[in-house]
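Have a look at the structure below before the remarks.
Quick note on labels: first sequence line is chain A, next is B, and so on, each numbered from 1.
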4 protein chains.
Amino acid sequence: MEFRETQAIYLQIGDYVCEQILLDRWNEGDRIPSVRELGVDLQVNPNTVMRTYDFLQSNEIIYNKRGVGYFVSEDAKTKIISYRKKQFLDQELPLFFKNLRILGMDFKEIAKLYELFIAK
Amino acid sequence: MEFRETQAIYLQIGDYVCEQILLDRWNEGDRIPSVRELGVDLQVNPNTVMRTYDFLQSNEIIYNKRGVGYFVSEDAKTKIISYRKKQFLDQELPLFFKNLRILGMDFKEIAKLYELFIAK
Amino acid sequence: MEFRETQAIYLQIGDYVCEQILLDRWNEGDRIPSVRELGVDLQVNPNTVMRTYDFLQSNEIIYNKRGVGYFVSEDAKTKIISYRKKQFLDQELPLFFKNLRILGMDFKEIAKLYELFIAK
Amino acid sequence: MEFRETQAIYLQIGDYVCEQILLDRWNEGDRIPSVRELGVDLQVNPNTVMRTYDFLQSNEIIYNKRGVGYFVSEDAKTKIISYRKKQFLDQELPLFFKNLRILGMDFKEIAKLYELFIAK
DNA sequence: GTGGTCTAGACCACC
DNA sequence: GTGGTCTAGACCACA
């Protein structure tokens with residue numbers, strides 16, 4: 001796995017894990033790879049994976065059974081989506097609209113571009 | 001001024017400066033606030049403002065007269081808009097569309113939200 | 001059975017076993033559940049139960065007949081109570097009192113809560 | 001500073017910080033020592049202090065100004081006390097009462113011991 | 001100077 | 001085997 005420079009690796013791994021869950025590769029209730037396994041897989045220090053798991057656990061997307069491993073929470077998918085939606089509506093959308101206005105772009109242009117995007 | 005966690009403060013100040021220019025609050029050829037003044041205004045360390053000005057100067061949006069201050073370049077508005085438009089079309093828009101799809105949102109919803117935004 | 005985060009599971013199982021003995025559910029001289037049985041009951045790895053039994057045996061609360069099983073010692077109840085009472089008076093009580101004071105709670109509050117607890 | 005074996009160092013440092021706040025040694029709004037300073041003071045790796053600060057920040061007891069340092073939140077004292085109170089009422093008190101009953105101790109005994117404790 | 005991230009490697013308790 | 005903690009040391013962006 002390649003990492004972007006612009007974001008902490010442990011967060012990118014977080015996104016990776018969430019994607020696996022959203023795509024039903026790792027199902028709710030399943031055990032996910034151990035910190036060591038995933039560390040080897042992604043060519044990353046186990047501590048870094050640990051940090052990801054810590055972060056996801058504090059967001060209740062995964063949980064831990066002591067001495068056994070980490071597991072996908074029951075409502076993980078819902079949580080991920082609602083978390084992202086909130087992020088999107090609160091942060092990205094206002095910025096997006098502001099940009100539209102500042103750049104003097106017409107909303108209809110965007111609509112057209114979206115159709116092109118969908119068609120791809 | 002409040003700053004987002006997701007982006008360096010000096011870049012956010014850069015956006016702020018560009019906005020002043022685009023909105024004709026600071027006109028081309030005019031002197032803009034000194035590093036210290038803006039630092040006080042925005043509750044930010046002067047070094048940070050300095051970094052912003054450095055950055056904007058390297059993009060030729062502002063220029064410097066030694067011992068006098070920083071000034072808005074003649075074609076600043078054009079430059080800002082073309083720079084931003086490129087950024088917007090290449091980077092933000094694809095991400096934006098991708099998000100829409102992942103979150104399963106309808107484009108009509110966005111259109112409605114935009115009207116609300118405009119009305120404000 | 002639910003386990004607290006703050007203490008090792010095998011110790012919490014130890015408390016559970018002692019309680020069964022104190023409450024006369026498992027009587028002195030009787031055979032107690034096998035490591036596997038209790039493991040299934042409590043949804044826990046048999047190794048963990050094994051560790052509990054090891055621990056209790058080293059405190060002479062239970063003993064082992066090879067190939068037969070584990071049994072409650074003759075004077076188990078006395079031992080448990082004296083062990084716990086010591087623990088309680090030396091360790092828990094001082095901490096408890098200290099907490100009361102730090103939190104600025106009145107002892108009468110505690111008395112009331114105790115009545116509620118008893119009434120349950 | 002000496003650390004107990006029974007609890008993670010970073011949590012003990014957390015308690016230490018909270019104590020400083022409760023005792024008005026570090027006041028609300030004040031900057032607290034940098035991770036490096038406190039690391040030297042307590043003879044501990046800066047990363048460990050970092051972990052403490054992370055933890056306290058997620059509990060909103062301290063907050064961070066980027067590039068400047070960590071600061072005591074406005075209502076830190078209230079938060080600490082209410083956090084501890086919750087912990088006490090939910091976790092310790094039920095266990096305490098349960099112990100009382102199992103050990104067959106009278107509540108009046110406890111009341112007497114408390115008076116002795118207070119008198120000290 | 002500050003925090004933040006990451007690595008490598010160690011040791012531990014626990015399951 | 002698992003996670004959890006800690007250290008030492010490095011590098012970086014940021015203020």
Side-chain angles (χ1 to χ4, degrees), chain A residues 3-13 31-39 42-55 57 62-71, chain B residues 3 5-13 35 39 42-52 54-55, chain C residues 3 5-13 35 39 42-52 54-55, chain D residues 3-13 31-39 42-55 57 62-71:
Chain A
F3 297 104
R4 294 180 298 281
E5 281 295 319
T6 46
Q7 198 186 18
I9 292 181
Y10 83 94
L11 290 175
Q12 297 183 49
I13 298 178
R31 184 171 165 276
I32 65 176
S34 78
V35 287
R36 292 185 235 267
E37 278 169 10
L38 195 55
L42 304 182
Q43 300 271 46
V44 144
N45 190 295
N47 283 337
T48 305
V49 180
M50 187 59 163
R51 190 149 182 204
T52 301
Y53 283 8
D54 242 26
F55 172 71
Q57 187 172 35
I62 61 180
Y63 65 93
N64 172 265
K65 282 191 201 163
R66 283 192 282 175
V68 183
Y70 280 90
F71 297 76
Chain B
F3 298 102
E5 285 295 320
T6 46
Q7 199 184 15
I9 290 179
Y10 83 95
L11 291 174
Q12 296 182 51
I13 297 176
V35 165
L42 304 183
Q43 299 267 43
V44 142
N45 191 304
N47 286 332
T48 307
V49 180
M50 191 58 205
R51 195 157 177 186
T52 301
D54 260 7
F55 171 71
Chain C
F3 297 103
E5 285 294 320
T6 45
Q7 199 186 15
I9 292 180
Y10 83 95
L11 290 174
Q12 295 184 51
I13 298 177
V35 164
L42 303 183
Q43 299 268 46
V44 144
N45 191 303
N47 286 333
T48 307
V49 180
M50 190 60 204
R51 195 157 175 186
T52 301
D54 260 8
F55 171 71
Chain D
F3 297 105
R4 293 182 298 281
E5 281 294 321
T6 46
Q7 200 186 14
I9 292 180
Y10 83 93
L11 290 175
Q12 296 183 49
I13 297 178
R31 183 169 165 278
I32 64 176
S34 78
V35 288
R36 292 184 236 268
E37 278 169 9
L38 196 56
L42 303 182
Q43 301 269 45
V44 142
N45 190 295
N47 283 336
T48 306
V49 180
M50 187 61 163
R51 191 149 181 203
T52 301
Y53 283 7
D54 241 27
F55 172 70
Q57 185 172 36
I62 62 179
Y63 65 93
N64 174 265
K65 280 192 204 161
R66 282 192 283 175
V68 183
Y70 281 91
F71 296 76

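Counting non-hydrogen atoms under 4.0 angstrom, Tyr53(D) reaches nothing in the nucleic acid. Within the 4.0 angstrom heavy-atom criterion, only backbone atoms of the sugar-phosphate kind lie near Glu37(A); the bases stay farther away. Counting any heavy atom pair closer than 4.0 Å across all strands shown, Asn64(A) reaches sugar-phosphate atoms only and no base atom. Looking at heavy-atom distances under 4.0 Å, Asn45(C) makes contact with sugar-phosphate atoms alone, never a base.
Distance from the side chain of Ile9(A) is smallest for dC6(E) among the nucleotides dC6(E), dC15(E), dG3(E). Among the nucleotides dC15(E), dT7(E), dC14(F), the one closest to the side chain of Val68(A) is dC15(E). Proximity note for Met50(A) (side chain, C-beta onward) versus dT5(F), dG4(F), dT7(E): the nearest is dG4(F). Between dG4(F), dG3(E), dT7(E), one nucleotide has an atom nearer to the side chain of Ser34(D) than all others, and that is dG3(E).
Rounded to whole Å, atom P of dC6(F) lies 15 Å from atom CD of Gln43(D). With rounding to whole Å, Arg51(D) atom CZ is found 14 Å from dT5(E) atom C1'. For Leu42(B) and dC14(F), the CG to P distance is 18 Å, given to the nearest whole Å. Per the geometry, NZ belonging to Lys65(D) stands 19 Å off C1' belonging to dG4(E), to the nearest Å. Atom CZ of Phe3(C) is separated from atom P of dC14(E) by 14 Å (rounded to the nearest Å).
The base of dG1(F) does not come close enough to the side chain of Arg36(A) for any donor and acceptor atom to sit less than 3.5 Å apart. Taking only distance into account, the side chain of Asn47(A) never meets the base of dG3(F) through a donor-acceptor pair shorter than 3.5 Å. Not a single donor-acceptor contact under 3.5 angstrom links the side-chain atoms of Asp54(A) to the base of dG4(F).
For the pair Arg66(A) and dA13(E), the criterion of a side-chain N or O lying under 4.0 Å from OP1 or OP2 is not met. A close approach under 4.0 Å does not occur between any side-chain nitrogen or oxygen of Thr48(C) and OP1 or OP2 of dC14(E). Within the 4.0 Å cut-off from OP1 or OP2 of dT5(E), at least one side-chain nitrogen or oxygen of Tyr10(A) is found. Residue Tyr70(A) has a polar side-chain atom (N or O) positioned under 4.0 Å from OP1 or OP2 of dG4(F).
You'll find the side chain of Ser34(D) stays beyond 4.5 Å of the side chain of Tyr53(D), heavy atoms only. Asn47(B) has its side chain out of reach of Arg51(B): every pair of non-hydrogen atoms, C-beta onward, lies at least 4.5 Å apart. Side-chain contact between Phe3(D) and Ile13(D) is present, with heavy atoms from C-beta onward closer than 4.5 Å.
Across every strand in view, dT5(E) sits in a pair with dA10(F) that passes the Watson-Crick or G-U test at under 3.5 angstrom.
With Arg31(A) contributing its side chain and Val68(A) its backbone, the two residues share a donor-acceptor pair below 3.5 Å. A donor-acceptor pair is defined here as one N or O able to donate and one able to accept, closer than 3.5 Å; no such pair exists between the side chain of Thr48(A) and the backbone of Tyr10(A).
Comparing Pro46(D) and Leu11(B), the nucleotide of DNA chain F nearest to each residue sits closer to the 5' end for Pro46(D). DNA chain F is contacted by both Val44(B) and Gln12(D); Gln12(D) maps to the nucleotide lying nearer its 5′ end (nearest heavy atom per residue).
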